Novice: 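Have a look at this one.
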Amino acid sequence: MAFYITTSISYVNGRPHLGHAYEAIASDIVARHHRQRGEDVFFLTGTDEHGEPVADSARANGMEPRAWADLNAAKFQAMLPTLSVEPDFFIRTTDPEHARRVQAVLQTVHDNGYVYKGTYAGWYCPRCADFKVENEILEGNRCPIHEIPLTREHEENYFFALSAFQERLETFFSEHPGFIAPARARNEAEAFLAGGLQDVSLSRAKLNWGITVPWDPGHVFYVWFDALLNYYTAPGFARPGVDLTAALWPADVHMIGKDILKFHTIFWPALLMAAGLEPPRGVYVHGHLAAADGRRMSKSFGNGIDPAEAVDRFGSPDPLRFYLMRDVRYGTDGPVSLDALTARYESELANDLGNLASRTLAMIVRYRDGQVPPAPLDPELVDAFTGLPDTVAAAIDAIDLSGGLEAIWQRVRRLNRYVEERRPWELAREPTATGQLDSVLASLHEGVRALAVLLAPYIPTSAHTLLNALGRPESGYGAAAFGAGTDGPPVRVATIAPLFPKAPAA
RNA sequence: GGCCCUGUAGCUCAGCGGUCAGAGCACCCGGCUCAUAACCGGUGAGACGCAGGUUCGAAUCCUGCCAGGGCUACCA
């Protein structure tokens, strides 16, 4: 069974910031979870490289657009492994294969009668050589950058007949209530749709940094159409000599930020319909991370926290991955800071989970010489863990990544409480309690192991270290069941350095 | 201008018509010693933004106001 998930592609107009990392991490977690379930996962990310802002910033940096795009795309691509984000393909919209396929799809849209030539009228700044959007214009129709008067200019343009899809989109929305999540985002899209659709400009004539319109080479496609189509073009050329399109389309999940909701929930399905293609199955909208100063993080504010700093501080991306999914409820906005990350790290990763692992391994070594006793599992823990893998899977299916983590953490706490309740150190002193101690240690080992399997998508490096130390490295979803680890030959554990050491190097 | 979201313990948030309003963190007290001075238990703590209204009953619905944030088709 195929599972195709995408991030939005990053605009190479600047450097990567935590917002990009956030979406990449969330998508990676979902992808890893589905791989655990044995699905044939294809996880796509990449960069969006055409359009005026890129051409402008290239010029400002004294570079050609392509060289500038190469430079920045490399930064985005280089960030992924530092976050343990492992996509199956990294698409660049400057890939020739992408351009070819964009032309083919849009030619079909054209041939199907959804493209017409019209006139785009807007306020134009001769100094910027650029049209300005209505809401960025200063009082008196002046340029927001140069503060000089704008002129009303007209440009011959191709238009996409978006308005022709009003009813089809309404029908699609009502027949696919799960298409947009969470509900808040769906409401917004529906409200927008209800407001009535207008046709949108499909091409630009004044710009050449883009994909050439095949039926009129004097134009390039407007960058958003080029960009959206990445989701569809990538499966066609991600594997040389193999076309995965039939196997992967329609995509299961597009992970996006709320800022680009309309492009993905209105433009995108309409465009696909116009080309005779199926719309994606789901668009999942996450919130924006706010900086510690309360403002939102954004390229244009330049106040983004460098993800590399957060990774370096702890020597692994796991704490950052955990923190982002744990501290901000997925799907809502929330503030993030290095201080809050540190607090979560110490109280939950070090004190709760890391210490639970340490004490479990230490007791097995100390009381049973490292051998996990083949004893019956404690019914109380069996009970506490019943249904947990299903609960976590349901949460992740609903892209409630925080909810999945919360369900797991309730059991982390349960296990720490279990240690106190059973007091293994007392059982160890009583010669008659050998069987009880065996059962407690085996149950603890099994509980920690099951949790490590469930945590693997969130904190892959730490989870695998832990599973290895426990002597049961299997990480498929079947191994997530409490009791699944008691099959097979006796197991020996290894002691390890603290998983999440306190006082990390600053 | 229009539309939308948020405002609940010191902090971050859950609850969204009906047991004394909840969790985590922080604080304080107690317990324990297997463990990364970690863990476990407990106490305290809140006019649920303000003012009206609906209801047998509202943090939960309605109206207005205040404060913060967002969207309004081409910036993530």
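None of the values given here were measured: they were computed from a predicted structure. In the text below, chain A, chain B and the rest are named by the order of the sequence lines, each starting its count at 1.
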Novice: Using the C1' atoms only, state how far rU36(B) lies from rG44(B), rounded to an integer number of Å.
Specialist: 29 Å
Novice: Both Phe263(A) and Asp327(A) contact RNA chain B. Taking the nearest nucleotide for each, which residue is further toward the 5' end?
Specialist: Asp327(A)
Novice: When you compare rC29(B) with rC20(B), how far apart are their P atoms, in angstrom units rounded to a whole number?
Specialist: 32 Å
Novice: Taking the nucleotide of RNA chain B with the nearest heavy atom to each, does Ala191(A) or Val223(A) sit closer to the 5' end?
Specialist: Ala191(A)
Novice: Under 4.0 angstrom, heavy atoms only, what part of the nucleic acid is Ala343(A) near: base, sugar-phosphate, or nothing?
Specialist: nothing
Novice: Expressed in whole Å, how much space separates the C1' atoms belonging to rG7(B) and rC28(B)?
Specialist: 30 Å
Novice: May I have the distance from Glu406(A) (atom CD) to rG24(B) (atom C1'), rounded to whole angstrom?
Specialist: 8 Å
Novice: Given that both distances must come in under 3.5 Å, which nucleotide forms a Watson-Crick or G-U wobble pair with rG57(B)?
Specialist: none
Novice: Between Leu169(A) (CG) and rA73(B) (P), how many Å, whole number?
Specialist: 18 Å
Novice: Determine whether His110(A) and Phe160(A) make a side-chain contact, defined as any pair of heavy atoms from C-beta on separated by less than 4.5 Å.
Specialist: no
Novice: Rounded to the nearest angstrom, tell me the gap between atom CD in Glu348(A) and atom C1' in rG24(B).
Specialist: 7 Å
Novice: In this structure, is the centre-to-centre distance between the rings of Tyr231(A) and His254(A) below 6.0 Å?
Specialist: yes
Novice: Can you identify which nucleotide, out of rC34(B), rC71(B), rU36(B), has its nearest atom closest to the Lys262(A) side chain?
Specialist: rC71(B)
Novice: If the cut-off is 4.0 Å, is Arg366(A) near the phosphate of rA35(B), judged by side-chain N/O to OP1 or OP2?
Specialist: yes
Novice: Work out how far the C1' atom of rC61(B) is from that of rC71(B), and round it to whole angstrom.
Specialist: 26 Å
Novice: From rA38(B), rA73(B), rC75(B), pick the nucleotide closest to the side chain of Trp224(A)?
Specialist: rC75(B)
Novice: Under 4.0 Å, counting only non-hydrogen atoms across every strand here, what does Tyr367(A) touch: a base, just sugar-phosphate, or nothing?
Specialist: sugar-phosphate
Novice: Could you tell me whether the side chain of Asn351(A) has a donor or acceptor atom within less than 3.5 Å of a complementary atom in the base of rA38(B)?
Specialist: no
Novice: NA contact type, Gly287(A), heavy-atom cut-off 4.0 Å: base, sugar-phosphate, or nothing?
Specialist: nothing
Novice: Asn208(A): what forms a side-chain hydrogen bond (donor to acceptor under 3.5 Å, both in side chains) with it, not counting sequence neighbours?
Specialist: none
Novice: Send over the distance from His286(A) NE2 to rA76(B) P, rounded to a whole Å.
Specialist: 11 Å
Novice: With ring centroids as reference points, do Phe267(A) and Phe263(A) lie under 6.0 angstrom apart?
Specialist: yes
Novice: For Asp352(A), report the nucleic acid contact type (base, sugar-phosphate, nothing); a contact means any heavy atom under 4.0 Å.
Specialist: sugar-phosphate
Novice: Once side-chain contact (heavy atoms from CB on, under 4.5 Å) is applied, do any residues pair with Tyr367(A), and if so which ones, sequence neighbours excluded?
Specialist: Met363(A), Pro424(A), Trp425(A), Ala428(A), Leu437(A), Leu441(A)
Novice: State which of rG24(B), rA76(B), rC34(B) makes the closest approach to the side chain of His17(A).
Specialist: rA76(B)
Novice: Please name the nucleotide paired to rG64(B) by Watson-Crick or G-U wobble geometry with both distances under 3.5 Å, or report none.
Specialist: rC50(B)
Novice: Does Thr119(A) have any side-chain hydrogen bond (donor to acceptor under 3.5 Å, both in side chains) partners at least two apart in sequence or in another chain, and if so, which?
Specialist: Glu156(A)
Novice: Please report, rounded to the nearest Å, how far the C1' atom of rU72(B) is from the CD atom of Glu188(A).
Specialist: 10 Å
Novice: Between Leu169(A) and Leu197(A), is any pair of side-chain heavy atoms under 4.5 Å apart?
Specialist: yes
Novice: When the C1' atoms of rG68(B) and rC34(B) are compared, how many Å lie between them, rounded to an integer?
Specialist: 49 Å
Novice: Within the structure shown, what part of the strands sits under 4.0 Å from Gly354(A) by heavy-atom distance: base, sugar-phosphate, or nothing?
Specialist: base
Novice: Write down the distance between CG (Asn157(A)) and P (rA73(B)), rounded to a whole number of angstrom.
Specialist: 17 Å
Novice: Answer whether the closest heavy-atom distance between the side chains of Val85(A) and Arg321(A) falls below 4.5 Å.
Specialist: yes
Novice: Which nucleotide, in any strand shown, forms a Watson-Crick or G-U wobble pair with rG17(B), with both distances under 3.5 Å?
Specialist: none
Novice: Taking the C1' atom of each, how far is rG41(B) from rC4(B), in whole Å?
Specialist: 45 Å
Novice: What integer distance in Å separates Arg359(A):CZ from rA37(B):C1'?
Specialist: 13 Å
Novice: Calculate the interatomic distance between Phe500(A) atom CZ and rA35(B) atom C1'; express it in whole Å.
Specialist: 15 Å
Novice: So which of residues 409-438 of chain A are in contact with RNA chain B, with a heavy-atom cut-off of under 4.0 Å?
Specialist: Arg413(A), Asn416(A), Arg417(A), Val419(A), Glu420(A), Arg423(A), Trp425(A), Arg429(A)
Novice: Please give the distance between the P atoms of rA51(B) and rA37(B) as a whole number of Å.
Specialist: 50 Å
Novice: For residues 464-471 of chain A, which side-chain donor-acceptor pairs fall under 3.5 Å, sequence neighbours excluded?
Specialist:
unit_1	atom_1	unit_2	atom_2	d
His464(A)	ND1	Pro460(A)	O	2.8
Thr465(A)	OG1	Thr461(A)	O	3.0
Asn468(A)	ND2	His464(A)	O	3.1

Novice: For Arg423(A), what residues pass the side-chain hydrogen bond (donor to acceptor under 3.5 Å, both in side chains) criterion, not counting sequence neighbours?
Specialist: Glu426(A)
Novice: Need one value for Leu162(A): base, sugar-phosphate or nothing, where a base atom within 4.0 Å counts as base even if backbone is also close, heavy atoms only.
Specialist: base
Novice: Among residues two or more places apart or on two chains, list those pairs meeting side-chain hydrogen bond (donor to acceptor under 3.5 Å, both in side chains) that have a residue in residues 399-410 of chain A.
Specialist: Arg326(A)-Glu406(A), Arg329(A)-Asp400(A), Asp352(A)-Trp409(A), Glu406(A)-Gln410(A)
Novice: Quick one: label Ile260(A) by what it contacts on the DNA or RNA (base, sugar-phosphate, nothing), any heavy atom closer than 4.0 Å.
Specialist: sugar-phosphate
Novice: Shorter than 3.5 Å, N or O on both sides, protein versus nucleotides 5-10 of chain B: list them out with atom names.
Specialist:
none

Novice: Both distances under 3.5 Å, Watson-Crick or G-U wobble: report the partner of rA23(B), or none.
Specialist: rU12(B)
Novice: Say you pick atom C1' in rA58(B) and the same atom in rC48(B); how far apart are they, in whole Å?
Specialist: 11 Å
Novice: Nearest to the side chain of Arg344(A), heavy atoms from C-beta on, is which of rG24(B), rA73(B), rU36(B)?
Specialist: rG24(B)
Novice: Mind checking side-chain hydrogen bond (donor to acceptor under 3.5 Å, both in side chains) for Arg368(A) and listing every partner two or more places apart, or none if nothing turns up?
Specialist: Asp438(A)
Novice: Report which part of the nucleic acid Thr360(A) touches: base, sugar-phosphate, or nothing (heavy-atom distance under 4.0 Å, all strands).
Specialist: nothing
Novice: Looking at Arg414(A) and Glu420(A), is there a salt bridge between them, counting it only when a charged N and a carboxylate O are closer than 4.0 Å?
Specialist: no
Novice: For rC71(B), give the paired nucleotide (Watson-Crick: N1-N3 plus N6-O4 or O6-N4; G-U: N1-O2 and O6-N3; both under 3.5 Å), or none.
Specialist: rG2(B)
Novice: Counting Watson-Crick and G-U wobble pairs only, both distances under 3.5 Å, name the nucleotide matched with rA35(B), or none.
Specialist: none
Novice: Would you tell me if any nitrogen or oxygen in the side chain of Lys258(A) comes within less than 4.0 Å of OP1 or OP2 on rG70(B)?
Specialist: no
